[in-house]
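When a ligand or atom number is given, it counts from 1 through the structure's own listing order.
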Amino acid sequence: MIAQLEVSNLVRQQRNFFSTGQTKDVSFRIEKLTLLKKTILENKEAILNALKSDLNKPRFESYVTELLVVKEIDYAIKHIKFWTKPKRVATPLEQFPSSALIYPEPRGIVLIVSPWNYPFNLMISPLIGALAAGNCAILKPSEIALHTSHLLADIFKKNFDTAYIAVVEGGIETSQQLLKEKFDRIFFTGSTAVGKIIMSAAAKHLTPVTLELGGKTPCIVDADVHIERAARRIAWGKFINAGQTCVAPDYLLVDKIIKKDFLDSIKKCIQEFYGDNPAKSPDYARIINKRHFNRLAAFLNDGKIIAGGQTDVENNYIAPTVIDNVSLNAPVMQEEIFGPILPVIEYNDLTEAISIVNERPKPLALYFFCKNKNHQERVLRETSSGGVCINDTVMHLGVPDLPFGGVGDSGMGSYHGKASFDIFSHQKSVLKNSFLMDIKLRYAPYEGKLNLIKRIFGI
Ligand code: NAD
């Protein structure tokens, strides 16, 4: 474990570097973002191997969901000059001849704490925003995805000065040591429970926090759908990375009219994706560790298994599983599942489905499958969630201009694309006056001036 003194020295070192002003230079930021991309591409194989060791992540999934984060670097480089430019806003007539502008400025030293499920992407993606916005960063990867954590530490040490970007490896204690220091923003991705700990530690320094948390993401399937396509998109979103995805459909609410056909279709998709025995499929990940394996295995008793259900404790394997006849009070419906188990609950009408969603904390995502535009608008109007995908799952994360984040228990603040730049910037409001004229109306003595003020402002 790193000593507190070492942590304090690291933060001091970064403060000294930040105060040189180098990171404020846009060309410095572009140079470092370019170096970040180059470093990632040079270490592609090592990254894929680390993900394989941590989660048995299929190479295809690692490419698409982790390595493709480099596209966010291209996006940031393409837009950074525009993002960093001061933006003029209108000034009221009485302020003539002043001009008003918003200057984005770096926050300073930021801490990024990440989870184990997409251990590479969820560290690099916020970092891109932090660097584009001109900050120094301390990164704390998850100790649970150990291979990726070691690799991140190694590649940053070799390619970046620790006074600019430093990786501090370790578990809860290390995280808590870091939290004792004062940062200018903390960006945390992880569970709701730990999010509360992060926020209360940050409050001691009045450090702003971004909390990217989890929760139970509902997936509602109306009767008016293309059954086969809906089933395929849901099975994909649920079982990619063996269900260990913050925006995976957590539970299924399905219109009872189509339930049987729909579940048959889901079973067919699982078979198509992973064959008769998913344990042998090269395209199916494993549960991260025994603790999570045991937690998930306990859910298998919470209803009638209609697909999957097989486990192999030696290999942290849980088959893609669908459970029918699940009670809303069952343990599997009380916490975020975060694994390859899909409980199914049938509903009679949309009102019932919406009220099941609204009885629970606001989720990170909500999926609604339905062709009817009025029903789509109704779900959008009557529910609240971090984001929504209509007739698909997970794909909203791939749109750079859609800010990604939670609401209520699923988090606060959002990122991706420009939102990443904004969250790591302070929007400094600047009013520029000139010496051209000086209307004396606002100065004392006030005698005789109030009536004029009343006339000007009309109140
Ligand atoms: P976690 O909250 O257990 O850990 C996340 C990070 O916090 C790790 O780096 C860990 O070392 C640190 N940490 C853990 N306990 C701590 C404590 N007491 N004090 C200080 N730091 C502590 O989360 P996890 O198990 O790694 O990840 C799973 C959770 O993350 C799920 O809830 C999932 O939905 C959520 N998640 C959210 C997103 C998102 O973008 N919103 C993405 C991925 C995962």
Side-chain angles (χ1 to χ4, degrees), residues 1-2 7 54-55 65-66 69 72 111-126 129 138-146 148-149 152-153 167-181 183 186-202 204 209-217 237-238 240-250 287-289 291-293 295-296 334-339 361-366 385-387 394 396-398 402-416 419-420 423:
M1 201 174 73
I2 189 167
V7 173
D54 283 330
L55 287 139
T65 64
E66 304 257 18
V69 75
E72 294 181 29
L111 172 66
I112 303 175
V113 180
S114 64
W116 50 261
N117 60 332
Y118 290 88
F120 187 75
N121 183 323
L122 294 175
M123 182 54 86
I124 301 298
S125 179
I138 293 183
L139 316 179
K140 211 299 277 173
S142 169
E143 72 284 12
I144 294 178
L146 204 56
T148 311
S149 171
L152 284 165
V167 176
V168 177
E169 285 193 276
I172 298 174
E173 294 84 359
T174 304
S175 201
Q176 286 171 347
Q177 279 176 312
L178 285 163
L179 290 170
K180 286 194 187 133
E181 302 294 328
F183 290 93
I186 297 175
F187 187 103
F188 170 80
T189 308
S191 59
T192 302
V194 178
K196 291 177 186 172
I197 296 171
I198 301 284
M199 193 163 168
S200 65
K204 296 203 176 79
V209 288
T210 307
L211 302 177
E212 299 287 337
L213 311 177
K216 287 186 87 60
T217 287
K238 178 69 191 185
I240 190 171
N241 203 28
Q244 300 162 113
T245 304
C246 57
V247 286
D250 185 275
I287 305 307
I288 184 77
N289 59 21
R291 183 169 74 82
H292 283 282
F293 173 89
R295 181 182 64 78
L296 288 163
Q334 305 312 308
E335 58 174 272
E336 179 182 10
I337 298 169
F338 217 54
K362 292 179 180 176
L364 184 57
L366 181 146
S385 57
V394 184
H396 58 306
L397 269 67
L402 278 181
F404 169 61
V407 57
D409 284 22
S410 57
M412 60 181 73
S414 50
Y415 73 128
H416 287 185
S420 293
I423 205 116

Practice problem: Nearest 0.5 Å please: distance from the CG atom of D409 over to the CG atom of L364. | Solution: 11.5 Å

Practice problem: Return a yes/no value for G215: is any of its N or O atoms, backbone included, closer than 3.5 angstrom to an N or O of ligand 1? | Solution: no

Practice problem: For G406 and ligand 1, answer yes if some heavy atom of the residue is under 4.0 Å from a ligand atom, otherwise no. | Solution: no

Quiz item: Looking at I138, L178, I198, which one forms a side chain to side chain contact (heavy atoms under 4.5 Å, CB included) with I186?
Solution: I198

Quiz item: Can you list the ligand 1 atoms lying under 4.0 Å from a non-hydrogen atom of N117?
Solution: 43 (C), 44 (C)

Self-check item: Option whose closest heavy atom lies nearest to atom 38 (C) of ligand 1, chosen from A248, C246, G411
Solution: C246

Practice problem: For F404 and ligand 1, answer yes if some heavy atom of the residue is under 4.0 Å from a ligand atom, otherwise no. | Solution: yes

Self-check item: Non-hydrogen protein atom less than 4.0 angstrom from atom 4 (O) of ligand 1
Solution: no

Quiz item: Any N or O of H292 that comes nearer than 3.5 Å to an N or O of ligand 1?
Solution: no

Quiz prompt | Atoms of ligand 1, numbered as shown, that sit under 4.0 Å from any heavy atom of P115 | solution = 24 (P), 26 (O), 27 (O), 43 (C), 44 (C)

Practice problem: Could you tell me which atoms of ligand 1, counted from 1 in the order shown, lie closer than 4.0 angstrom to a heavy atom of V113? | Solution: 6 (C), 7 (O), 9 (O)

Quiz item: Who passes side chain to side chain donor-acceptor pair (under 3.5 Å) against Q177, sequence neighbours left out?
Solution: none

